[in-house]
Amino acid sequence: MPTNAEIAATLTAIADLLDITGANAFKVNAYRKASRAAEAETQDLEALAVADPSVLRKIEGIGESIAAKIVELITTHRIAELERLRSEIPAGLIELLTLQGVGPKTVHLFWTKAGVTDLASLKQAIDSGALANVERMGAKTIENLRASIAARDAAGAQPTRFRLGQAVPIAESMLAVLRTTRGVRQAAFAGSARRGRETVGDLDLLVSCDDHAAVRQAFLSMPGIDRVLANGDTRCAAQLVGGMQVDLRIVDDSVFGAALLYFTGSKDHNVFLRERAINAQMRLNEYGLHQVPSDSDGPVGALVAAHSEESIYAALGLPWVPPERRELHGVDLEQPPMDLVEHHQVRAELHAHTTASDGSLTIHELASLAVSRGFHSLAITDHSKASAQANGLSVERLLRHIDAIRAAQADFPTLRLLAGSEVDILADGRLDYDDETLALLDVVVASPHASLRQEPSAATKRLLRAITHPLVHIIGHPTGRILLGRDGLAPDMHELTAAAAESGTALEVNCHWSRLDLRDTHVKMAVAAGALVAIDCDIHGAEDVDNLRYGVATARRGGLTRKSCVNTWEQSALLAWLKNKKSACALRSSR
DNA sequence: GCCGTTTTCGGCCCGACTGTTTTCAGTCG
């Protein structure tokens, strides 16, 4: 039973192999586009296909042929076409596609003209001088090839993607330098980081200025640059120590909006906008939206819009699309804009740890921090006893902690301090404190911390039990995944979000950039199910509050609106929700 | 291989940079 991710990976594998054979580039691109569509699909493709295979073709980018291949994969666990390609093409060639500056045409050349079948034989062909006899393989190209291989060898297991919360601070520190550079008007980061993707492959920086040379020099002389990959008048690229690539684009200030739009992407979003421009007799690129030139215009038609993103969307008959929503294309964008949750609307933190368990701040320090952020409510939710590694609280310690939280309230007149717990959801779905204890708390965040490799069906059952527990308000980091580290649980999110909506339990978007759990696609499911969502920083130290932006971005990517986000509610509404779940429980248990 | 307000064929986003070339192919985003 292939997952959507596995189907996507299979389609990408076909695309890679086709690429190397020199197949039609549009055909290759069709497989890549279908792969992206499969990955972005929130419905389970296998379930869709089993119910009605024709539904697959309703997904944009999946047509007759690819739909048939997906069905073939689901029913026979193989795709004959893929096996044929694999029998013809040495498996080691695919790895060569990942070398900087090496694409499918070059790999094809290596293979057919120099007998290269993998990285080892490529090295051999370089060292023996055999490669120098191949067309287009001049001294400079071979030198670059050596450098790419060396960079790869040195990197070893160096990551190819980086977590959002690690990439954004790097981008901002580089922008801070560029903003002080002579002639710079505007500077911003674009790309997948601006779209708030949970991981990014590289950084895209955009600068408008009067002095290109000064900006290029400032950029290329920054500390941490390991290797310069390109150095042109309007575009520079460099690899940082640690492997991250940074691209810099320099444009005139008058077209900053067009360039920002263009370099923010996503690729599919750009293609959609360009096609829309063409249909309206216009042409869109990073220098603006122009009329198609008439004979008297020369190469470029009259400018329609370029200064701001808003003006370009408007000229295309669309509302401005927030960067987090730019994975979308097609009819989704023609809907009226949603009231997406915004960073400044978050006024309550409902998941925070103190020195009582594994936090670094005291109750008072945490409360002061919340006040400084303008929050009206803060829940202190230290770990429960099963999280021994985090110094989880025994019932006796918890009782004393509740008293300490209530006592601290007097010192913070503008902040409502809530006594809570982040209680472990045990492997079978039981909670780590008994109901009598939980009933003493204002807020119960129930989270899975152990047994994170259990079967999906067991995980679903486990989490459902916690979601439907009347004393639980929030399910903390529901899957327990660690980005680029641990997959975590894979429960049936359709079941979970439906149950959450039914029981009034909120699902958490944990803002820490190593978690972002719920992930964007899960938020989308929660929104579709009508479930409540909490955006929480899971504060362990003062710096964690700054992660809120990543959680908000993830929530926005999933289409979360203010009214479904409990952290944005007025204090009275929040307290009523916290209390109502409890009284609902009392009612039920008294029957 | 996908797709359709020029719909079953003939397009498919477009520009910068690099290196190898004498005008362009390949890569990348």
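This structure is a prediction, so every number in the text was calculated from the model and none was measured. Just so it is clear: chains get the letters A, B, ... in the order the sequence lines come, proteins before strands, and each one is counted from 1.
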How far, in whole Å, is [M] from [N] if one measures between their [atom1] atoms?
| N | M | atom1 | value |
| --- | --- | --- | --- |
| B:dA16 | B:dT23 | P | 22 Å |
| B:dT21 | B:dT27 | P | 15 Å |
| B:dG26 | B:dT20 | P | 14 Å |
| B:dC12 | B:dC17 | C1' | 24 Å |
| B:dG1 | B:dT6 | P | 27 Å |
| B:dT8 | B:dC3 | C1' | 10 Å |
| B:dC13 | B:dG4 | P | 14 Å |

Figure out the CZ/C1' separation between A:R276 and B:dC12, and round it to whole Å.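 Spelled out: CZ on A:R276 to C1' on B:dC12 is 19 Å.
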All salt bridge (Lys or Arg N to Asp or Glu O under 4.0 Å) counterparts of A:R549, not counting sequence neighbours: A:E172
My understanding is that only one of A:D247, A:V251, A:L248 makes a side chain to side chain contact (heavy atoms under 4.5 Å, CB included) with A:R235; could you say which?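 Exactly one option meets the side chain to side chain contact (heavy atoms under 4.5 Å, CB included) with A:R235, and it is A:D247.
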Going by salt bridge (Lys or Arg N to Asp or Glu O under 4.0 Å), name the pairs with one or both residues in residues 88-100 of chain A, residues two or more places apart or in two chains. A:R84-A:E88, A:E95-A:R152
For A:T106, give me all partners under side-chain hydrogen bond (donor to acceptor under 3.5 Å, both in side chains), at least two apart in sequence or on another chain. none
Got a sec, which residues hit side-chain hydrogen bond (donor to acceptor under 3.5 Å, both in side chains) with A:D44, two or more places apart in sequence or on another chain?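 If we apply the side-chain hydrogen bond (donor to acceptor under 3.5 Å, both in side chains) test to A:D44, skipping adjacent residues, there are no hits.
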Test log, rule side chain to side chain donor-acceptor pair (under 3.5 Å), inputs A:S208 and A:R185: CA-CA 5 Å; A:S208 64; A:R185 303 290 188 92; over 6 Å; no
Do the side-chain N or O atoms of A:Y287 get closer than 4.0 angstrom to the phosphate oxygens (OP1, OP2) of B:dA16?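 Affirmative; the distance criterion is met.
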Using OP1 and OP2 only, check whether a side-chain N or O of A:N285 sits under 4.0 Å from B:dG15.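 For A:N285, the contact criterion (side-chain N or O under 4.0 Å from OP1 or OP2 of B:dG15) is met.
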Examine the side chains of A:D253 and A:Q186 and answer whether a donor and an acceptor come within less than 3.5 Å of each other.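 Yes, a side-chain donor-acceptor pair sits under 3.5 Å.
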Taking 4.0 angstrom as the limit, do A:D268 and A:R36 come out as a salt bridge? yes
Sort out the partner of B:dT8 for me: Watson-Crick or G-U wobble, both distances under 3.5 Å, none otherwise.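 The base-pairing partner of B:dT8, which may sit in any strand shown, does not exist here.
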With a 6.0 Å cut-off (strictly less than), is the heavy-atom count around CZ of A:R182, excluding the residue itself, greater than 12? no
Base-contact (B) and sugar-phosphate-only (S) positions in nucleotides 1-6 of chain B, heavy-atom cut-off under 4.0 Å, - elsewhere: BSS---
Per-nucleotide protein contact along nucleotides 17-29 of chain B, 5' to 3', at a 4.0 Å heavy-atom cut-off (B base, S sugar-phosphate only, - neither), is SSBS----BSSSB
